[in-house]
Structures are given as structure tokens and as C-alpha cells.
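Okay, structure first, notes after.
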Amino acid sequence: AQAPVDEKDPTAVALGYVADTTKADAKKYPKHENAQQCNNCTLWQSKPTDALGNCPLFAGKQVTAKGWCSAWAKKA
Ligand code: SF4
């Protein structure tokens, strides 16, 4: 299995990625809401029920279902 994204990875830091959406930096990202998470993001590539999934912004690694980053966009 692919490794989970480390929050300290440069890409993660640049995008404000956190494994737990409730830990997102509210000051830096005022539009963040806790209901926003990777498994309801349009870029989530895996099943809604998967705990870890793929995101094209993090090739070769996996993001958490309850994660978040500043590129979050509502799934249509
Ligand atoms: Fe999660 Fe979406 Fe950010 Fe990818 S783009 S890390 S799926 S919030």
C-alpha cells in the first residue's frame, strides 16, 4: 500500500494539508469548514468509504478520508 502523506511534506505544507480536517489552520484558511474533507472533495479518487485514498495533488501517497487541504473543492 502507498504511504500516507506526511503533513510535513513540502507539498502538504504548501497546500495546508492536514490528516484531520478539524486541525486545519483557521486563520490561514478562513473559508475552511469541518464538513469539508478529502472524501467529499472533487479530487478524491477512491471510494467514499475508504479510510485512505488517492488525490492527484499527492501522487504516490495517500490522503486520509477525513483530511483536508486548501485545494478542497465540493464534489459535484
Ligand atoms: Fe484532499 Fe481534495 Fe486536498 Fe486532495 S485536493 S488533499 S482530496 S482536500
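Whatever order the structure lists ligands and atoms in, that order sets their numbers, starting from 1.
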task: Would you kindly say whether Asn40 and Trp72 are connected by a side-chain donor-acceptor distance under 3.5 Å?
output: yes

message: Quick one about Ser70 and His32 (side-chain donor to acceptor, distance below 3.5 Å, no hydrogens or angles considered), yes or no?
response: no

- prompt: Side chains of Gln62 and Asp50: is there a donor and an acceptor less than 3.5 Å apart?
  reply: no

task: Could you list which atoms of ligand 1 come closer than 4.0 Å to a heavy atom of Phe58?
output: 6 (S)

query: For atom 1 (Fe) of ligand 1, which protein heavy atom lies nearest, and how many Å away is it?
result: Cys38 SG, 2.3 Å

message: Minimum distance, heavy atoms only, to atom 5 (S) of ligand 1: which one of Leu43, Thr42, Asn39, Val63 is it?
response: Leu43

Ligand-side contact atoms (ligand 1) for residue partner Trp72, heavy atom cut-off under 4.0 Å: 8 (S)

message: Between Asp9 and Lys61, does any NZ, NE, NH1 or NH2 come within less than 4.0 Å of an OD or OE carboxylate oxygen?
response: yes

field: N/O/S from Cys69 sitting under 2.8 Å away from atom 2 (Fe) of ligand 1
entry: no

message: Quick check: is Val63 connected to Val18 through a chain of hydrophobic side chains (ILVMFWY, heavy atoms under 4.5 Å apart)?
response: no

- prompt: Can you tell which part of Leu57 has a heavy atom less than 4.0 Å from ligand 1: side chain, backbone, both or neither?
  reply: side chain

query: Got an N, O or S from Cys55 under 2.8 Å of atom 4 (Fe) of ligand 1?
result: yes

- line: Note: Tyr17 and Cys38 closest approach over all heavy atoms is CE1-SG, 4.3 Å

message: Counting non-hydrogen protein atoms only, what is the nearest one to atom 2 (Fe) of ligand 1? Give residue, atom name and distance.
response: Cys41 SG, 2.3 Å

